[in-house]
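These notes are about the structure you will find just below.
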Amino acid sequence: MSAPAPSTLAIVDAEPLPRQEEVLTDAALAFVAELHRQFTPRRNELLARRTERRAEIARTSTLDFLPETAAVRADDSWRVAPAPAALDDRRVEITGPTDRKMTINALNSGARIWLADFEDASAPTWENVILGQLNLTDAYERRIDFTDPKSGKSYALKPAGELATVVTRPRGWHLDERHLQLDGTPVPGALVDFGLYFFHNAQRLIDLGKGPYFYLPKTESHLEARLWNDIFVFAQDYVGIPRGTVRATVLIETITAAYEMEEILYELRDHASGLNAGRWDYLFSIVKNFRDGGAKFVLPDRNAVTMTAPFMRAYTELLVRTCHKRGAHAIGGMAAFIPSRKDAEVNKVAFEKVKADKDREANDGFDGSWVAHPDLVPIALASFNAVLGEKPNQKDRLREDVSVAAGDLIAIDTLDAKPTYEGLRNAVAVGIRYIEAWLRGLGAVAIFNLMEDAATAEISRSQIWQWINADVVFENGEHATADLARKVAAEELAAIREETGEETFTAGKWQQAHDLLLQVSLDQDYADFLTLPAYEQLR
């Protein structure tokens, strides 16, 4: 008796999209289904392990480098695989979602790398997931253009030699894709984004002299890096390309991963190309993990936590040292400023801050850094050109002067700044505005001259939660309470209604966003990720 044919992926609760059959081919869906069968059980085990580790942190209020992996850290002989030519010079990287206009602008921006984002800068509507894949393939085939319906302005790709190299970021492990299911079980969004992109583009990219390159978000341990490595091996064997063709840069944007940087590189060593320092998610992770650790873990207003804070310096300097010790690229954080078309003085002040930030990163030994807007590319480029000159990177700067103890990474109380009432108001204002846009399908949103993404909303709601639960008293004498947060949120909602006008307000998702922000900020049972309850409301 022959074995039953394996079940195929079902597309659930999704309206057909133009050209979706080019992405959702039988062969591509069979590949994603096989990834799901092989690797989702381990994904589930690792998510359970995150919960166990968080419980341990709640019990001890501390973290340390892992004793069981000390031999990996002590072994000076291993290195990651040499960088392919397309990833050797990464001095400026631009980030953004994979909509058609952004795809063209990012590739044309003058940055060396474009982080094509299916994660924090993209709300995971079915349209964004599938059409984003189409836009990338169309770009590689040079059949992409765009005319803005409002301005009439047309966009087209520059010559191939002037385009950024694409590094794609799939969703984090915690998010499922409810529209693709196998036997009633949703496929992890990470496997959908990775699988469809890899299946359709791996060989195409090799033919273009590049390869399937990825950013891995929200990694919390070296065991999660090991899972990705096994996925890469399986995928390369499945389509018949050499092992090591895939390259991955891991975002060190969780506090637990900061204690496992070397181990993460070791697990991915045949496929690793670097580590990146992600600021907002990193702070969100600190709050999430140490939320019951008392006053010494209370963060001040998010804008008061700069990269020069002692515990942030410890994190970034350890990252540079770790990467260069192992032959990997160290990529710096985001310059999120969005230039104003109306206020030259705002731009002048902001550009000076961006320059100081990028100068610091280049002088600290980073090999490149992120920007959110094409106008910032020349500023970041100048900072890194001044240090690198003609060299593609500075991996030869080993930073052996850096010594970071386990306690340095969580020395939050070295900051003089304290939470302020204005900080609460800003967290509420930004949180409502971002969530409203996300619920409409926008993941990258300009708010108060900054490009905000899902990490922004996470740090906003986490700080509201932390300040209330730590019984913070603001400088004006007010206590951080649930009632105060509700009062500020009501005032903000009224201000938005007045600012937008009744018709626009009613057409938006403002009340829904207000309610969701308060839900995740005030619930005693802290939600691991805001995007989980938000995804249930995303249509």
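Hydrogens, waters and symmetry mates are skipped; everything else that's a heavy atom, side chains included, is used.
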Original post:
Are D515 and Q511 linked by a side-chain donor-acceptor pair shorter than 3.5 Å?
Top reply: yes
Original post:
Are F214 and W228 close enough that their ring centres sit under 6.0 Å apart?
Top reply: no
Original post:
Which atoms form the tightest heavy-atom contact between L538 and A123, and what is the distance?
Top reply: CD2-C, 4.4 Å
Original post:
Does R169 come within less than 4.0 Å of D120, counting only side-chain N to carboxylate O?
Top reply: no
Subject >> Cationic N near anionic O, under 4.0 Å, E262 to R326 >> reply: yes
Original post:
If you round to the nearest 0.5 Å, how far is NE2 of H271 from CG of L216?
Top reply: 11.5 Å
**OP:** Using a strict 4.0 Å threshold on nitrogen-to-oxygen distance, state whether E45 and R49 make a salt bridge.
**Re:** no
Subject >> Heavy-atom closest contact (G443 atom, W438 atom, distance) >> reply: CA-CD1, 4.3 Å
Original post:
Which ring pair (Phe, Tyr, Trp, His ring centres under 6.0 Å) pairs, counting each pair once, include a residue from residues 399-430, with sequence neighbours left out?
Top reply: none
Original post:
Would you say E492's side chain and V428's backbone share a donor-acceptor pair under 3.5 angstrom?
Top reply: no
**OP:** Test side chain to side chain contact (heavy atoms under 4.5 Å, CB included) on R313 and R360 and set out the steps.
**Re:** CA-CA 11 Å; R313 289 289 289 163; R360 175 188 52 75; 3.8 Å; yes
Original post:
Which of these passes side-chain contact (heavy atoms from CB on, under 4.5 Å) with H479: V473, L484, V472?
Top reply: V473
**OP:** Verify the distance criterion only: is there a donor paired with an acceptor across the side chains of T219 and E224 at less than 3.5 Å?
**Re:** no
Original post:
Is a side-chain donor-acceptor pair under 3.5 Å present for T98 with T103?
Top reply: no
Original post:
Should we count CD of Q512 as having more than 12 external heavy atoms under 6.0 Å?
Top reply: yes
Original post:
Do K288 and F529 meet the cation-pi criteria used here (NZ or CZ under 6.0 Å from the six-membered ring centre, within 45° of the axis)?
Top reply: yes
Original post:
Between D528 and H174, is any side-chain donor less than 3.5 angstrom from a side-chain acceptor?
Top reply: no
Subject >> Test item: Q466 side-chain N/O and L299 main-chain N/O as donor-acceptor pair under 3.5 Å >> reply: yes
Original post:
With a 4.0 Å cut-off, would you call R321 and D401 a salt bridge?
Top reply: no
Subject >> Pair K358 + E361, salt bridge at N-O below 4.0 Å >> reply: yes
Original post:
Do any N or O atoms from the side chain of E253 and from the backbone of K218 form a donor-acceptor pair under 3.5 angstrom?
Top reply: yes
Original post:
Does NZ or CZ of R178 lie under 6.0 Å from the centre of the six-membered ring of Y535, at an angle within 45° of the ring axis?
Top reply: yes
Original post:
Considering residues, nucleotides and ligands other than D416, do more than 12 of their heavy atoms fall under 6.0 Å from its CG?
Top reply: no
**OP:** May I ask you to check whether N105 and S109 show a side-chain donor-acceptor distance below 3.5 Å?
**Re:** no
Original post:
For the side chain of D359 and the backbone of S383, is there at least one donor-acceptor N/O pair under 3.5 Å apart?
Top reply: no
**OP:** Return yes if a side-chain donor-acceptor contact under 3.5 Å exists between R73 and T69, otherwise no.
**Re:** yes
Original post:
Can you name the closest pair of heavy atoms from S462 and F284 and give their distance?
Top reply: OG-CD1, 3.2 Å
Original post:
So how far is it from T322 OG1 to M261 CE, rounded to the nearest 0.5 Å?
Top reply: 5.5 Å
Original post:
Distance-only, no hydrogens or angles: does the S122 side chain make a donor-acceptor pair with backbone N or O of P124 under 3.5 Å?
Top reply: no
Original post:
For N469 and Q524, what are the C-alpha separation, side-chain angles and deciding distance, and is it a side chain to side chain donor-acceptor pair (under 3.5 Å)?
Top reply: CA-CA 9 Å; N469 283 272; Q524 197 55 43; 2.9 Å; yes
Original post:
Is the number of heavy atoms from other residues, nucleotides or ligands under 6.0 Å of K487 NZ greater than 12?
Top reply: yes
Subject >> Taking every non-hydrogen atom, the tightest pair across A437 and V445 >> reply: CB-CG2, 3.5 Å
Original post:
Roughly how far, to the nearest 0.5 Å, is the CD1 atom of I379 from the CZ atom of F337?
Top reply: 8.5 Å
Original post:
Within 45° of the six-membered ring axis of Y526 and under 6.0 Å from that ring's centre, is NZ or CZ of R461 located there?
Top reply: yes
Original post:
For the side chain of K509 and the backbone of L439, is there at least one donor-acceptor N/O pair under 3.5 Å apart?
Top reply: no
**OP:** Look at the aromatic rings of Y282 and Y315 and report parallel, tilted or perpendicular, splitting at 30° and 60°.
**Re:** parallel
**OP:** Please determine if R497 forms a cation-pi arrangement with W510, meaning its NZ or CZ atom is less than 6.0 Å from the six-membered ring centre and no more than 45° off the ring axis.
**Re:** no
**OP:** Would you verify whether the NZ or CZ of R269 falls within 45 degrees of the ring axis of Y266 while also being under 6.0 Å from that six-membered ring's centre?
**Re:** yes
Original post:
Does R91 come within less than 4.0 Å of D367, counting only side-chain N to carboxylate O?
Top reply: no
**OP:** Kindly compute the distance separating CZ (F351) from CG (D375), expressed to the nearest 0.5 Å.
**Re:** 5.5 Å
Original post:
Passes side chain to side chain contact (heavy atoms under 4.5 Å, CB included), V430 versus R433? Steps please.
Top reply: CA-CA 5 Å; V430 172; R433 283 168 164 79; 5.9 Å; no
Subject >> Side chain to side chain, Y259 and L66, heavy atoms closer than 4.5 Å >> reply: no
Original post:
Closest approach of L63 and I410, non-hydrogen atoms and distance?
Top reply: N-CD1, 3.9 Å
Subject >> Heavy-atom neighbours of E498 CD exceed 12 at 6.0 Å >> reply: no
Subject >> Heavy-atom donor-acceptor pair, H324 side chain to R397 backbone, under 3.5 Å >> reply: yes
Original post:
Checking E317 side chain against D364 main chain: does a donor-acceptor pair fall under 3.5 Å?
Top reply: no
Subject >> Check against side chain to side chain contact (heavy atoms under 4.5 Å, CB included), T249 and L275 >> reply: CA-CA 5 Å; T249 306; L275 302 177; 5.6 Å; no
**OP:** Test side chain to side chain donor-acceptor pair (under 3.5 Å) on T40 and N44 and set out the steps.
**Re:** CA-CA 6 Å; T40 296; N44 295 341; over 6 Å; no
Subject >> No-hydrogen, no-angle side-chain donor-acceptor test under 3.5 Å, T308 and T306 >> reply: yes
**OP:** Considering only NZ, NE, NH1 and NH2 on the basic side and carboxylate oxygens on the acidic side, decide whether R53 and E260 come within less than 4.0 Å.
**Re:** yes
**OP:** Check the side chains of T420 and D301 for a donor-acceptor pair under 3.5 angstrom, ignoring hydrogens and angles.
**Re:** yes
**OP:** Tell me, with the steps shown, if Y434 and L517 meet side chain to side chain contact (heavy atoms under 4.5 Å, CB included).
**Re:** CA-CA 10 Å; Y434 180 80; L517 177 69; over 6 Å; no
Original post:
Between the side chains of N276 and H329, is a donor N or O closer than 3.5 angstrom to an acceptor N or O?
Top reply: no
Original post:
Looking at side-chain heavy atoms only, is the closest gap between R226 and R42 below 4.5 Å?
Top reply: yes
Original post:
Is it true that the side chains of E93 and Y215 contain a donor and an acceptor less than 3.5 Å apart?
Top reply: yes
Original post:
Has the side chain of N476 got a donor or acceptor atom that lies under 3.5 Å from a matching backbone atom of E478?
Top reply: yes
Subject >> Charged N-O contact under 4.0 Å between D117 and R171 >> reply: no
Original post:
Within the side chain of Q394, is there an N or O that forms a donor-acceptor pair under 3.5 Å with the backbone of A362?
Top reply: yes
